[in-house]
Amino acid sequence: MRTVDWAGRAQAPVGDSRAVWSPASILGKDYPAVGLHLWKVEKRRVSLPRILSTPPVAGTVCHAYDREVHLRCELTPGYYLAVPSTFLKNVPGQFLLRVFSSGRVSLSAIKTVVQSPGPGETLLAGEWETVQLQGSWKIGQTAGGSRNFASYSSNPCFPLTIPEGAGPRCVRITLHQHCLDSDCHPIGFHVFQVPADNGGQGTPSLLLQKPLLSCVPHCYTQEVSRVCHLSAGTYRIVPSTYLPDTEGAFTVTIATRIDRRSIHSQEMLGQLLQEASFMAVMKT
């Protein structure tokens with residue numbers, strides 16, 4: 001077990017020669033809210049969408065408008081993924097990441113070979129089955145807010161079933177709120193797995209469980225998305241705004257990659273062709 005201190009510092013604005021900077025002086029102008037999270041990985045080569053869809057092993061409590069944030073944690077030997085981030089997407093800037101450890105440690109940047117598609121981009125290669133579900137948050141009915149509030153269980157809840165025998169399926173879940181860019185609410189979603197012994201019933205008790213997948217923190221954007229791999233079973237997708245009693249309309253898009261058996265046919269000139277065929281039925 002090693003004690004590790006992580007320090008992330010936002011670089012001073014270009015042309016600023018001040019040695020001491022106060023966050024209150026230019027709050028939110030040149031220094032965005034920053035945070036740092038850690039994930040434990042089994043090896044150096046990792047699937048970022050899969051790793052980032054799981055809860056981190058350590059992280060800052062929240063994104064803070066500070067020049068420097070610190071994360072102190074106890075880590076066992078192995079590989080870890082450190083992700084410094086801003087609270088909002090598309091926020092440019094520079095940062096310095098420093099590590100202080102009671103044992104030997106090395107820090108290096110990973111190379112992303114294939115990036116998961118962002119909102120509005122095309123899906124990954126392959127054949128996909130897409131389902132769109134319409135919903136809305138209404139005050140006093142379905143606007144329950146985030147899991148920080150007791151009213152969370154009143155949020156809309158959408159079922160998702162992965163059939164038996166198909167193996168883990170690659171699923172992309174997208175939450176899109178219908179609004180102008182300037183009127184966006186902070187949105188996010190959680191995915192819960194339904195225990196096999198309740199037959200998909202008992203939604204209120206389900207929402208008290210730990211989510212299998214989370215697309216948080218809630219972001220002020222029209223669309224948030226997450227790619228994950230789900231095994232056979234029944235799931236519930238719960239989209240929400242950060243604060244309760246926040247009204248809005250939204251669409252949940254569930255895209256599931258279809259894995260089909262490959263067809264091989266070897267032929268030689270001068271011989272009759274051998275026919276190869278494959279039939280499949282798409283089920284909803």
Side-chain angles (χ1 to χ4, degrees), residues 35 37-42 47-63 73 81 83 116 131 133-177 185-219 224-246 248 250-256:
H37 294 83
L38 292 180
W39 281 264
K40 180 70 179 292
V41 296
E42 297 179 358
S47 171
L48 286 180
R50 182 180 300 180
I51 293 299
L52 297 180
S53 65
T54 61
V57 296
T60 53
V61 177
C62 63
H63 287 70
C73 54
L81 177 67
V83 180
S116 60
V131 176
L133 306 171
Q134 307 293 329
S136 62
W137 297 293
K138 296 183 178 180
I139 296 178
Q141 299 180 29
T142 58
S146 65
R147 297 183 70 221
N148 296 332
F149 302 93
S151 58
Y152 176 77
S153 60
S154 64
N155 280 303
C157 186
F158 298 95
L160 171 63
T161 301
I162 304 297
E164 294 285 347
R169 303 294 292 273
C170 182
V171 180
R172 182 187 180 190
I173 303 173
T174 302
L175 172 62
H176 179 93
Q177 61 174 323
H185 302 302
I187 59 172
F189 63 83
H190 296 280
V191 178
F192 299 85
Q193 185 169 17
V194 179
D197 57 352
N198 72 350
Q201 303 298 321
T203 299
S205 61
L206 169 68
L207 298 181
L208 298 177
Q209 299 179 7
K210 184 177 180 180
L212 178 69
L213 168 70
S214 299
C215 186
V216 291
H218 292 69
C219 299
V224 293
S225 182
R226 181 60 57 87
V227 177
C228 58
H229 289 78
L230 300 178
S231 301
T234 303
Y235 303 87
R236 293 289 184 267
I237 303 172
V238 182
S240 66
T241 57
Y242 180 73
L243 295 176
D245 295 331
T246 303
F250 62 85
T251 299
V252 173
T253 302
I254 305 173
T256 306

Restricting to non-hydrogen atoms, name the atom on [X] and the atom on [Y] that form the minimum distance, rounded to 0.1 Å.
{"X": "S225", "Y": "C215", "result": "O-SG, 4.1 Å"}
{"X": "H190", "Y": "P211", "result": "ND1-CG, 3.7 Å"}
{"X": "L175", "Y": "G188", "result": "CD2-O, 3.4 Å"}
{"X": "P217", "Y": "C219", "result": "O-SG, 3.2 Å"}
{"X": "V191", "Y": "Y235", "result": "CG1-CB, 4.1 Å"}
{"X": "N155", "Y": "T142", "result": "OD1-O, 3.3 Å"}

Side chains of [X] and [Y]: closer than 4.5 Å at any heavy-atom pair?
{"X": "P56", "Y": "L38", "value": "no"}
{"X": "R169", "Y": "P163", "value": "yes"}
{"X": "T246", "Y": "W137", "value": "no"}
{"X": "L213", "Y": "L230", "value": "no"}
{"X": "R147", "Y": "S214", "value": "no"}
{"X": "C170", "Y": "V227", "value": "yes"}
{"X": "C157", "Y": "F192", "value": "no"}
{"X": "I173", "Y": "F189", "value": "yes"}

Quiz item: Taking the side chain from S240 and the backbone from G144, do they hold a donor-acceptor pair closer than 3.5 Å?
Solution: no
Self-check item: Any donor-acceptor N/O pair, Q177 side chain to H185 backbone, under 3.5 Å
Solution: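 Indeed, once roles are kept as given, a pair shorter than 3.5 Å links the two residues.
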Quiz item: Distance from Q193 atom CD to K210 atom NZ, nearest 0.5 Å?
Solution: 13.5 Å
Self-check item: Pairwise distance OG1(T251) to CG(L133) - rounded to 0.5 angstrom
Solution: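 If I round to the nearest 0.5 Å, the distance is 8.5 Å.
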Practice problem: Check step by step if side-chain contact (heavy atoms from CB on, under 4.5 Å) holds for T60 and H37. | Solution: CA-CA 6 Å; T60 53; H37 294 83; 4.2 Å; yes
Exercise. Report the residues that fulfil ring pair (Phe, Tyr, Trp, His ring centres under 6.0 Å) with H218, sequence neighbours left out, ordered by chain and then residue number.
Key: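 H218 satisfies ring pair (Phe, Tyr, Trp, His ring centres under 6.0 Å) with Y242 once adjacent residues are dropped.
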Quiz item: Quick check: are there more than 12 heavy atoms from other residues, nucleotides or ligands sitting under 6.0 Å from NZ of K138?
Solution: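 No - once you tally the heavy atoms of other residues, nucleotides and ligands closer than 6.0 Å, there are 12 at most.
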